[in-house]
There are 4 protein chains.
Amino acid sequence: MKKEERKDQLLECALRLFAERGYYSTSVAGIIRRAGVARGTFYLYFHNKRDIFQQLLNTNFSYIYRTLPSLELTAGMNEKQLENALLHSLRLLLSHKNSVDFITLVMKEAIGIDKGFAGQVEHFYKTMADIFCGYVARAQALGKARKADPYLVARFIVGMLKEAIYQWARGEITDLDQLARTLVKFIMFGIRGAS
Amino acid sequence: MKKEERKDQLLECALRLFAERGYYSTSVAGIIRRAGVARGTFYLYFHNKRDIFQQLLNTNFSYIYRTLPSLELTAGMNEKQLENALLHSLRLLLSHKNSVDFITLVMKEAIGIDKGFAGQVEHFYKTMADIFCGYVARAQALGKARKADPYLVARFIVGMLKEAIYQWARGEITDLDQLARTLVKFIMFGIRGAS
Amino acid sequence: MKKEERKDQLLECALRLFAERGYYSTSVAGIIRRAGVARGTFYLYFHNKRDIFQQLLNTNFSYIYRTLPSLELTAGMNEKQLENALLHSLRLLLSHKNSVDFITLVMKEAIGIDKGFAGQVEHFYKTMADIFCGYVARAQALGKARKADPYLVARFIVGMLKEAIYQWARGEITDLDQLARTLVKFIMFGIRGAS
Amino acid sequence: MKKEERKDQLLECALRLFAERGYYSTSVAGIIRRAGVARGTFYLYFHNKRDIFQQLLNTNFSYIYRTLPSLELTAGMNEKQLENALLHSLRLLLSHKNSVDFITLVMKEAIGIDKGFAGQVEHFYKTMADIFCGYVARAQALGKARKADPYLVARFIVGMLKEAIYQWARGEITDLDQLARTLVKFIMFGIRGAS
DNA sequence: AATGAATGAGGATTCATTCAT
DNA sequence: TATGAATGAATCCTCATTCAT
């Protein structure tokens, strides 16, 4: 087996276990058992347990960061356009198991492990909030949104998204289209205010 | 020191540490060091580490459950009333350090530890969601809210609240009044839709 | 068993093993087996394997450093006095098993383990050399010793002592009196030169 | 690369590392990294780590044993002749880096590794001691040396030599001529006694 | 009601060695 | 003749838990 394949295999096994049981309840023993390799093989690819977790964060976050620009929110967008943009991003994000595992992992665990990891997670949420903050602020400037602290509102949106995605990952929500539609409507009205 | 006092002291120390570092990074050694008692004393009051965590969940959740009824949301409430009700509940919740620690703890950790704990946390959020769901449904029945899956909307609200509280616990938000006002407005418009 | 006793017991077992097999071939498992205690007990008293070794160095070196002043070498001493002084110090040093083990350990191992340890050992030898250097220099000043680099000569003396003690520790030499007598004579003549 | 070249290269790299860090702190990984060959290549030339160490001992000791006869000590030698003989041998021994590395290695490590290795090292020192012992005994027979246990004296000489060489290897001594001169004088007077 | 020395299962990590290519 | 991925035994270390005092 080629080096990269084996590494990817280990990363995938680790991601699944981390997402299932959390960081501390996942042992290196568990990871190698699932991957069907020997103890030493693990350390051929990763310095230690922390390292494989870090690499998972890096890989997945950088993937998300790279796909994020597709979520270009223009203040002039109408409801339908916004819905499509959001739906597109959600689909991209939730389309394969690894991403969902990663999100589950980040949501339930990464913060609690370590100040370093927590920082990276917080940074991600902040980036998201900044994107929405910019959108809201622009909309306000155009008179299309009512007055309100745009960053606070952005955080609300992040909170809603987190919850939505988490419910989706737990299988409580199955209809992505309906989710996106309802969410966008809620946000639009929430931002725009009474007309 | 009386039995109850000692136990409360241990619970408090544990809560603080759990909230600061998470379940696994908190050791019994750490708890007793902070409490200034001997190793054996800990096991005089708790069966094991899991037990003290469980008792923290019990105590704090039951406190919250008890105070929740004060958040009676009547469909007929106007914006100001809703805002007051929410502000009152938030104040109750965030007024002392222990509660905030508990929330931090629950948000960052409890889910990742154990299926059993996760269940309790989910149950709490579900209860919250149910309250909001009922409110939204009633408002819809009265024609005061636009059409939308009320449970989904309720989940959005829970997500916003979680995020808001989490930011407050992290010290990112300081003005509780403004928070409550902005949140209620956002929810109201989000629910009600364009008039 | 009291804390100090247990610690001393562990130190003694470790010293014996280190002296017998060297640092790396001695495992914590070996130490606790010999001491008849559990794995965790070891770590109750020492941070790690390096720590117990360090403590052995500290304890024993400081003992030697404390007893060293008894080796007061006056330039005016005659042969018999010098012999007595040396014999006294050697007796003090070689009188109980622990000291001998320690010396064996230091001679065969400490240098090879670690730069840090090596430094401490070198420092000890340097201290010894300095003592002899002072003696030789004083003797030269009094015209009782021939011209020669005193520090080099001191190093020779240290070398002879090391070899003598090492042979004694290996059981090749048994008569301490004869050893001291022969050594002192050799040194005296070596220093003094032909008359 | 030819078989012998590769092997010599590996031996040299290993020698350097063993001398620098000792047997246990030198890993096969380190040796092959320094030699720039693959893992498997190492085992093409040596059965195992112990084997390369053993071969280093063999090669170097046999070299020393071969050159030792040049150190023919005749009882009738005068001071100058003895000095020259010693200087010649020391020069031969310390003239190239490999020898010095080997000596450093033997002095700081070989004893602590393994009974088998220790035996070989002891044997070497014993051989040296025997040479000096013979010289002293012959000198005594000729009435040119005072009475003293010749083997004990020989050990002293070995001790002085070890110390001298070790200091030289550490760079503390730089003038080989002065060293030889001082050493021979010390020995001569030490042996001969007052006349 | 309190202590703290002792325990040992559990998990992480290292590294010499093998073997298919 | 050379490679380097894979192995797993050996070892270190942690920490929740027990129990005699």
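Every chain is numbered from 1, with letters handed out A, B, ... down the list of sequences.
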(request) May I have the step-by-step check of side-chain contact (heavy atoms from CB on, under 4.5 Å) for B/Leu105 and B/Glu20, ending in yes or no? (result) CA-CA 8 Å; B/Leu105 169 58; B/Glu20 265 171 34; over 6 Å; no
(request) Figure out the CD1/P separation between D/Ile32 and E/dT17, and round it to whole Å. (result) 13 Å
(message) Minimum heavy-atom separation for C/Val121 and C/Val106, please, with both atom names.
(response) CG1-CG1, 3.7 Å
(message) For a quick test of reading the model, state the closest non-hydrogen atom pair linking B/Met107 to B/Lys162 and the distance between them.
(response) CE-O, 3.3 Å
(message) Tell me if a side-chain donor or acceptor on A/Thr104 pairs with a main-chain N or O of A/Ala19 at a distance below 3.5 Å.
(response) no
(request) Can you spot which of C/Phe46, C/Phe18, C/Tyr24 makes a ring pair (Phe, Tyr, Trp, His ring centres under 6.0 Å) with C/Phe53? (result) C/Phe18
(request) Any chance you could list the contact pattern along nucleotides 6-13 of chain F? Use B for base contacts, S for sugar-phosphate-only contacts and - for none, protein heavy atoms under 4.0 Å, 5' to 3'. (result) BBBB--BB
(message) Applying a 3.5 angstrom cut-off to the pairing atoms, does DNA chain F sit in any stems of at least three consecutive Watson-Crick or G-U pairs? List them by first number.
(response) E:2-21 with F:2-21
(message) Could you check whether B/Lys49 makes a cation-pi contact with B/Phe42, meaning its NZ or CZ is under 6.0 Å from the centre of the six-membered ring and within 45° of the ring axis?
(response) no
(request) Please check if atom NE2 in B/His96 has more than 12 non-hydrogen atoms from other residues, nucleotides or ligands closer than 6.0 Å. (result) yes
(message) Using side-chain contact (heavy atoms from CB on, under 4.5 Å), reason through C/Leu57 and C/Phe124 one step at a time and then give a plain yes or no.
(response) CA-CA 11 Å; C/Leu57 285 195; C/Phe124 171 69; over 6 Å; no
(request) Round to the nearest Å and state the distance from D/Glu5 atom CD to F/dT1 atom P. (result) 12 Å
(message) Distance check needed: F/dT18 P versus B/Phe46 CZ, whole Å only.
(response) 15 Å
